[in-house]
Amino acid sequence: MAIDPSTTRVFVGAVNSLYDLTSADLTVRRHVQTGPQDDSPLCRDARNREDCRHQLSRTNSHTKALAVYDKSSKLIECSNLFQGRCRLRNLHNISEVISEAIEPRVSNDTTSSVVIFVGQGPANLTTDPVLYVGATIGSADHDRMSVSSLFLRPQKAFEIVFPGLYGGTHVSLDYRSRGYYKY
């Protein structure tokens, strides 16, 4: 759930649905069907049929996280679909997807937790607000980051602010060591 501070509208993510509600009486302003969609946990991106040779199945969309980027009139929605992709949606028309992450940013299972928020970016790297993501990483998520800061500008949406080899704006546990840590 996320609340737009300027309009007090309430956004709720559910299984296969996204809602835009009035705050006064929780009347549904808009409803978007987000799933089920054809997907496979074995495919890097099941939307690209040339890269995915595995059998696809109808997969429910579990909303993992929502945040409002009110300065830019965007709703940020992350789900388990397509390996854990996030999307920028139009805050005034949630059925309009403005941009989608190229890389997975959250776990693609239905139980791992995620926290996201919009905040000021690292001062020496950007003057723009960025999206901070803290994600539990599942055992099959070999290329996910545990903590990252991501651009929100449409042309660079969900890219790491600074992907430095040693000291970028992200933290990732080597997948071989993850069993030693409690999430």
Side-chain angles (χ1 to χ4, degrees), residues 1-4 9-21 26 28 30-49 51-69 74-91 94-118 131-150 152 157-160 170-183:
M1 180 175 79
I3 299 173
D4 180 358
R9 289 196 338 262
V10 178
F11 299 91
V12 177
V15 176
N16 297 327
S17 292
L18 185 59
Y19 297 92
D20 176 356
L21 311 171
L26 300 180
V28 176
R30 283 210 165 83
H31 169 252
V32 174
Q33 192 80 23
T34 58
Q37 295 191 40
D38 290 335
D39 195 10
S40 170
L42 302 174
C43 293
R44 178 132 175 89
D45 188 351
R47 295 166 303 173
N48 184 351
R49 297 300 290 237
D51 290 343
C52 180
R53 306 266 186 245
H54 299 280
Q55 179 69 33
L56 302 183
S57 61
R58 299 299 282 168
T59 304
N60 287 330
S61 173
H62 291 259
T63 304
K64 307 280 288 176
L66 291 174
V68 172
Y69 179 24
K74 293 184 178 61
L75 177 68
I76 302 154
E77 171 237 350
C78 302
S79 76
N80 63 304
L81 287 177
F82 311 120
Q83 295 297 322
R85 298 285 200 277
C86 296
R87 285 157 286 290
L88 284 177
R89 293 180 177 270
N90 182 332
L91 192 60
I94 60 173
S95 62
E96 180 187 344
V97 175
I98 297 166
S99 182
E100 187 166 17
I102 295 171
E103 297 291 324
R105 295 299 178 205
V106 300
S107 185
N108 68 338
D109 66 22
T110 59
T111 59
S112 296
S113 58
V114 178
V115 175
I116 65 174
F117 66 92
V118 177
L131 178 67
Y132 290 95
V133 178
T136 301
I137 304 303
S139 59
D141 297 333
H142 298 305
D143 58 354
R144 304 290 188 295
M145 282 162 263
S146 300
V147 178
S148 57
S149 60
L150 309 171
L152 288 170
F158 304 111
E159 290 182 17
I160 298 167
H170 59 89
V171 174
S172 183
L173 296 174
D174 183 274
Y175 73 92
R176 295 167 293 200
S177 302
R178 290 181 184 158
Y180 299 109
Y181 296 92
K182 274 205 177 258
Y183 298 133

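What you see is a predicted model; the values in this text were computed from it and never measured.
- When all heavy atoms of Asn80 and Thr110 are compared, the closest pair comes out as ND2-CG2, 4.3 Å.
- Counting heavy atoms from C-beta outward, Ile3 and Phe11 have side chains that stay 4.5 Å or more apart.
- In plain terms, the two heavy atoms of Ala157 and Leu88 that are nearest each other are CB-CD1, 3.7 Å.
- With a 4.5 Å cut-off on side-chain heavy atoms, Ser107 and Gln83 do not count as touching.
- In terms of the side-chain hydrogen bond (donor to acceptor under 3.5 Å, both in side chains) criterion, residue partners of Asp4 (sequence neighbours excluded) are, by chain and number, Ser6, Thr7.
- When side chains are defined from C-beta on, Val106 does not count as touching Thr136, because their heavy atoms never get closer than 4.5 Å.
- With a 4.5 Å cut-off on side-chain heavy atoms, Phe82 and Asp39 count as touching.
- Under the 4.5 Å side-chain criterion, counting only non-hydrogen atoms from C-beta, His62 is not in contact with Ser79.
- Atom OG of residue Ser99 and atom CD1 of residue Ile102 lie 7.5 Å apart, to the nearest 0.5 angstrom.
- For the residue pair Tyr19 and Ile94, the shortest heavy atom distance occurs at C-CD1, 3.9 Å.
- One distance of note links SG of Cys86 with CZ of Arg105; it measures 8.0 Å at 0.5 Å rounding.
- Two residues are said to be in side-chain contact when any heavy atoms from C-beta on lie closer than 4.5 Å; Val32 and Thr34 meet this criterion.
- From Leu152, atom CG reaches atom CZ of Phe158 across 6.5 Å, with rounding to the nearest 0.5 Å.
- Ser40 contributes a side-chain N or O that, together with a main-chain N or O of Leu42, makes up a donor-acceptor pair within less than 3.5 Å.
- No option in Arg89, Arg30, His31, Arg9 other than Arg9 meets the side-chain hydrogen bond (donor to acceptor under 3.5 Å, both in side chains) test with Asp20.
- Residue Lys64 comes nearest to Ser112 through the heavy atom pair NZ-O, 2.6 Å, listed as atom of the first residue, atom of the second, then distance.
- The CD atom of Glu96 sits 11.0 Å away from atom CG of Leu91, with the distance rounded to the nearest 0.5 Å.
- Summarising the geometry, atom CG belonging to Leu131 is positioned 13.0 Å from atom NZ belonging to Lys74; distances are rounded to the nearest 0.5 Å.
- Take Ser57 and apply the side-chain contact (heavy atoms from CB on, under 4.5 Å) test, not counting sequence neighbours, and it matches Thr59.
- Inter-residue side-chain proximity for Leu150 and Ile160 is flagged as met; some heavy-atom pair is nearer than 4.5 Å.
- Residues that satisfy the salt bridge (Lys or Arg N to Asp or Glu O under 4.0 Å) test with Glu100, not counting sequence neighbours, are Arg47, Arg87.
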(request) Dump the intermediate steps for side chain to side chain contact (heavy atoms under 4.5 Å, CB included) on Val133 and Val147, then the final yes or no. (result) CA-CA 6 Å; Val133 178; Val147 178; over 6 Å; no

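- In this structure, the side chains of Leu75 and Val68 come closer than 4.5 Å at one or more pairs of heavy atoms.
- Nearest heavy atom pair, residue Cys43 against residue Leu56, reads SG-CD2, 4.3 Å.
- Atom CD1 of Ile116 sits about 13.5 Å away from atom OH of Tyr69, to the nearest 0.5 Å.
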